[in-house]
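By convention in this document, chain letters (A, B, ...) are assigned in the order of the sequence lines, proteins followed by strands, and residues within each chain are numbered from 1.
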Amino acid sequence: MSVISLRKLRRGTTIPALILLAWWAVYAFGITDSKLFVPPGQVLTAAATLSEAGELWPAVGQSLLRAMGGFILGAGIGLIMGVLLGMSSRTERFFSLTLHSVKQVSLFAWLPLISVWFGYEDGSKVVFIALAAFFPVVLNTLEGVGNVPRDWVDVARVSHFTPWQMFARLVLPAALPSIFNGIYLSLVFSWLATLGAEYLLGSGIGLGTLLFESRAEFKMDVVLVGLVLTGFIGFALDIIAKATERRLLRWRENTVGA
Amino acid sequence: MAHAAALEIRHLNKQYIVDNQPMPVLENIDLSINPGEFISVVGSSGCGKSTLLRLIIGLEKEYQGEIRVDGQPIVGTSLERGIVFQEHRLFPWLTVEQNIAVSLLNANQSSKSKHDAVHAHIEMVGLKGFENAWPGQLSGGMSQRVAIARALVSRPEILLLDEPFGALDALTRSHLQRELQTILRQEGITAIMVTHDVEEAVYLGDRIVVMEPRPGRIKRVVDVPLARPRDRGSYAFAAIKADVMADFSEVIAPPEPAPPPTHGLSPSWRFSW
């Protein structure tokens, strides 16, 4: 088991290692001394300097806080709306066209409007992130709740389920795999939107602001620090979401064919 | 032993509306079922036998005529009536134990007595040791056992079975038929089973209701006066089975007699070794 996963790990890390090696080599052997990029060592030094100066971790913290705020707001409203729309086909017909049209508007096209309404502070950023988080959750929840098999509804009716039991013990667990797809996407979108919001509505501290300002000051080492951190945080969010999903949907793991 | 209910069906008619046209599904069904009796309902597809069960369980509301359980007209579903569907319909996110307990969610019992009832029924269907298994881990036969336990745990007065073993392989099917018979004898409740397997109908039924399709009507009712457990190989069993099968001979055209072989090996050759 451990031998296999070790081999898997080695296979997966081969390309990153080669890239890192090539990156180091082009500077170490003097193949280039371009100022548009920096050697790997300098990125680490920049990270250490920033960290000591107390600039790095507050920025990361602020970004994460915004991402989570927007995610909770957007995914929460999305979940509630998805359930309401999914439970009643009449409300769904009422809202469906609007929802699917609004969804087509590119997320970044909302920015001018949001910045005018909510300013350039945290409020507008959180609203923007919430908007990004909202759509995947509402659409997937709607689909999951609307497609609970009739066969199961019959079982619930035979057992005399109350409307609340119908919801909590049938609709919600039956829709959970679909809802989770939405929440997972929503989390990814939230983090993307956080960087976008900070970059485009640059004010206050944050990873996006850090990237934006260091680019302006041509500090490529800091830009790369931001880039790497963004990737790692996205990766961590992904792992947390998948672990939560596995835990909540553990019944799906224990399935033999048919 | 649970109380067994009598079921009285009078002038039952049911139609669906298809393309604004009423389409009769059941026409003038009259049937009296005694407490503790096992009724098999056989018929080809489209004879409305599943609709009949859905009406008795209370999942279908609109109909003309009367359906009375112990003299009371049925209104919606009730814990007094249990059903086993052709597909097990277990909730995949609940364990075996939790799936069975679903039937008792709204039963007026202490949680201790619910727990005891669930475990007694797990034992009854032979699934002791699988209490915490997920439905995805069970075979088709085991899943159907859970479904039977779920239907019986609330101690219903009538058990309805909608082609309960139709999706199982032949060996599992005959095994479960035997077990169902034992279980129902213990529980002593009234049962109505819809099937298209005539042998199953004869094996389990006290009476067999033969239905014909379009619209669904009762063609006749056949008594099965054989002692239980029944011997599928006995002459009397075969005679009843053949009698019921004869009702379907018009629907299923007999195969053309095969023409005698005109070439190849001669018949004498075939059996010479």
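More than 12 heavy atoms of other residues, nucleotides or ligands shown are found within 6.0 angstrom of CD1 on A/Ile239. In the displayed structure, A/Tyr199 atom OH is contacted under 6.0 Å by more than 12 heavy atoms of other residues, nucleotides or ligands. B/Tyr16 OH: more than 12 foreign heavy atoms inside a 6.0 Å radius. Applying the 6.0 Å contact sphere to CZ of A/Phe94 captures no more than 12 heavy atoms from other residues, nucleotides or ligands. In A/Arg169, the CZ atom is not crowded: 12 or fewer heavy atoms of neighbouring residues, nucleotides or ligands sit closer than 6.0 Å.
Contact annotation: the side chain of B/Pro92 approaches that of A/Trp152 to within less than 4.5 Å [non-hydrogen atoms, C-beta and beyond]. Taking the side chain as every heavy atom from C-beta outward, B/Arg54 and A/Asp154 approach each other to under 4.5 Å. With contacts defined as side-chain heavy-atom distances shorter than 4.5 Å, the pair B/Val102/A/Ser159 qualifies.
For B/Ile57, the part lying near chain A is the side chain, with the backbone staying farther off; criterion is any non-hydrogen pair under 4.5 Å. There is no contact between A/Leu176 and chain B, counting heavy-atom distances below 4.5 Å. For B/Arg81, the part lying near chain A is the backbone, with the side chain staying farther off; criterion is any non-hydrogen pair under 4.5 Å. Neither the backbone nor the side chain of B/Leu104 has a heavy atom closer than 4.5 Å to any heavy atom of chain A.
Counting heavy-atom pairs closer than 4.5 Å to chain A, the top residue among B/Arg89, B/Arg150, B/Glu87 is B/Arg89. Your options are B/Gly58, B/Ser78, B/Ala107, B/Gly76, and the one with the most heavy-atom pairs under 4.5 Å with chain A is B/Ser78. Counting heavy-atom pairs closer than 4.5 Å to chain B, the top-ranked of the candidates A/Thr162, A/Leu249, A/Val158, A/Leu170 is A/Val158.
Contact detail for A/His160 and B/Thr77: the closest heavy-atom pair is NE2-O, 2.5 Å. Of all heavy-atom pairs spanning B/Phe85 and A/Val155, the tightest one is CE1-CG2, 4.1 Å.
Here A/Arg150 contributes atom CZ and B/Leu59 contributes atom CG; the two are 9.0 Å apart, rounded to the nearest 0.5 Å.
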